[in-house]
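Below is one structure, written out as structure tokens, with a few remarks after it.
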Protein chains: 2
Amino acid sequence: MKTPKRPYHHGNLRDAVIELALKSLETHGSQNLSLRELSRDLEVSHSAFRRHFADKQALLNALAIHGFEQYGDVLARAIADRDADFDSRLVKVVRSMVRFAGTHPVLLELMFASKNHPDAPPELLEASERALYSGPQLIAEGQKAGRVIPGDPIRLALAPFAAVHGLIALSQNGALLGAPLDRLARETVEQIIMGLRPRD
Amino acid sequence: MKTPKRPYHHGNLRDAVIELALKSLETHGSQNLSLRELSRDLEVSHSAFRRHFADKQALLNALAIHGFEQYGDVLARAIADRDADFDSRLVKVVRSMVRFAGTHPVLLELMFASKNHPDAPPELLEASERALYSGPQLIAEGQKAGRVIPGDPIRLALAPFAAVHGLIALSQNGALLGAPLDRLARETVEQIIMGLRPRD
DNA sequence: CATCTATGTATCCATTGACAACATTGTGTC
DNA sequence: GACACAATGTTGTCAATGGATACATAGATG
């Protein structure tokens, strides 16, 4: 006797596909993400997902949007913690970025690849901009505390934040130059704050 | 009458596949790279390439290695130009990085994605390390000129080089925050050199 | 010249993403 | 409650793909 089957309507297929796809990404890599396999695992037909996603690229875009939202939340929470001085808060933000990269390496790669796709939908570009616009607020508060030079906080935030992203890209399995990325990122951001030009 | 066909032996199929695949990457994107289409364009059977590449991933790895070699050459040439002071030389290196990213966006993405693949072969990891190890030499010369603080040049090179890579990743169609990436990268690296901490 | 190696061709297979037609259920209105 | 429509699923088909295998052709070597 067949096991009792799910009712005809899944009820929450879109979210289920996204959740399972996120898992599959980190387990099997983005190149092995298969709509048919996801459908089998969710016990729906191979075309069911098409009611929720126009095509495979639409699913990938939804995953990237989800990733940017999560990333933005992580950054916003780290920045919202104001119980320490500017330098400590910056360290906390850097660590949260590195941690996200460590737990979602394939998703992060997909996030950046998707936003650079020629047909990237506006909601993906908007989600990426929202997520990547968190740094200026912290820099502005650092300026108020006299810990950061005057200037456009948006532009000034680029150096440390871009550097951390660059370190993430350059790293290998959470390490770079034989050092844990977490420590290396903190040290590099500290160097960026202090500068490489000697202070006579 | 059929047009005279190529001799049975292509003679240089491996290099031809790599060259055409590099073009296809930037034209159609990495997701649309198709071995069969490459074979058709090169007028060989779809299995011919398998004498040169174990599988599709092996071809992707070869493309990434080629990319790192090109990138390393570009950086080495920019660094070897010693006819200017340290700051100008750094600017030149930054511009060459941004230019490479602008002319090879998909290849650059593949390069980083490939090296982070769990089965990345050692020759790919070595090629990536060689390419990404160019900065310390310039930093050491900057230190000799008194333009860079004392310290490990390998570590000190990370801040500017990682930042440029991060800016490349964050950018969209050669621009970021409404500014050309070329200019933004130069300004950001200058900020990194001078530091974000006020100099009393 | 025979043998081995390198490199190509032809055929087959399983899997995939996309598409179209159809089926089932949920919702809203009268 | 009946009906119409919308939402969401199923079934089947197609073309294309990457991979594998057996075979074919040519180059190199002794």
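Numbered from 1 within each chain, the chains take letters A, B, ... in sequence-line order.
A:Arg50 places its CZ atom 17 Å from the P atom of D:dA7, with the value rounded to the nearest Å. Summarising the geometry, the separation between CG on A:Leu60 and P on C:dT16 is reported as 15 Å, rounded to the nearest angstrom. As a whole-Å value, the separation of A:Leu13 CG from D:dT10 C1' is 13 Å. Put simply, CG on B:Asp15 is 12 Å from P on C:dT7, counting in whole angstrom units. The CD-P distance, from B:Glu43 to C:dT9, rounds to 10 Å in whole Å. Atoms CG (A:Asp41) and P (C:dT16) sit 11 Å apart, rounded to a whole Å. Atom CG in A:Asn12 sits roughly 15 Å away from atom C1' in D:dG9 (whole-Å rounding). Rounded to an integer number of Å, the gap from CG of A:Leu59 to P of C:dA18 is 10 Å.
Contact annotation for A:His46: base contact, defined as any heavy-atom pair under 4.0 Å involving a base atom.
At a threshold of 4.5 Å between non-hydrogen side-chain atoms, the residues B:Leu75 and B:Leu132 do not count as touching. The shortest distance between side-chain heavy atoms of B:Phe86 and B:Ile139 falls below 4.5 Å. Contact annotation: the side chain of B:Val106 never approaches that of B:His28 to less than 4.5 Å [non-hydrogen atoms, C-beta and beyond]. Put simply, the side chain of A:Glu26 reaches to within 4.5 Å of the side chain of A:Pro105, judged on heavy atoms.
Applying the side chain to side chain donor-acceptor pair (under 3.5 Å) test to B:Asp73 and every residue at least two apart in sequence or in another chain returns nothing.
Each of A:Leu20, A:Val44, A:Leu13, A:Val17 was evaluated against A:Ser39; a single residue qualifies, A:Val44, per the side-chain contact (heavy atoms from CB on, under 4.5 Å) test.
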Cut-off 3.5 Å, no hydrogens considered: what does the side-chain donor-acceptor table look like for residues 159-177 of chain A, sequence neighbours left out?
| residue | atom | partner | partner atom | Å |
| --- | --- | --- | --- | --- |
| A:His165 | NE2 | A:Tyr71 | OH | 3.0 |
| A:Ser171 | OG | A:Ile168 | O | 2.8 |
| A:Gln172 | OE1 | B:Lys115 | NZ | 3.4 |
| A:Gln172 | NE2 | B:Lys115 | O | 2.4 |

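Side chain of B:Arg89 to backbone of B:Ile79: a donor-acceptor contact under 3.5 angstrom is found.
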Could you list the protein-to-nucleotides 22-29 of chain D atom pairs, N/O on both sides, closer than 3.5 Å?
| residue | atom | partner | partner atom | Å |
| --- | --- | --- | --- | --- |
| D:dA24 | N3 | B:Tyr8 | OH | 2.7 |

What's touching nucleotides 15-17 of chain D from the protein side, N or O pairs under 3.5 Å?
| residue | atom | partner | partner atom | Å |
| --- | --- | --- | --- | --- |
| D:dT17 | OP1 | B:Ser34 | OG | 3.2 |
| D:dT17 | OP2 | B:Arg40 | NH1 | 3.3 |

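Heavy-atom contacts from other residues, nucleotides or ligands closer than 6.0 Å to CD of B:Glu190 number 12 or fewer.
Closest to the side chain of A:Arg6, from the set C:dG8, D:dT10, D:dT8, is D:dT10.
Applying the salt bridge (charged side-chain N to carboxylate O under 4.0 Å, His left out) test to residues at least two apart or on different chains, the pairs with a partner in residues 146-159 of chain A are A:Asp87-A:Arg147, A:Arg155-B:Glu187.
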(request) Verify salt bridge (Lys or Arg N to Asp or Glu O under 4.0 Å) between B:Arg77 and B:Asp81, making sure each step is shown before the conclusion. (result) CA-CA 7 Å; B:Arg77 273 205 295 282; B:Asp81 187 355; over 6 Å; no
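Contacts of residues 114-122 of chain B with DNA chain C (heavy atom under 4.0 Å): none.
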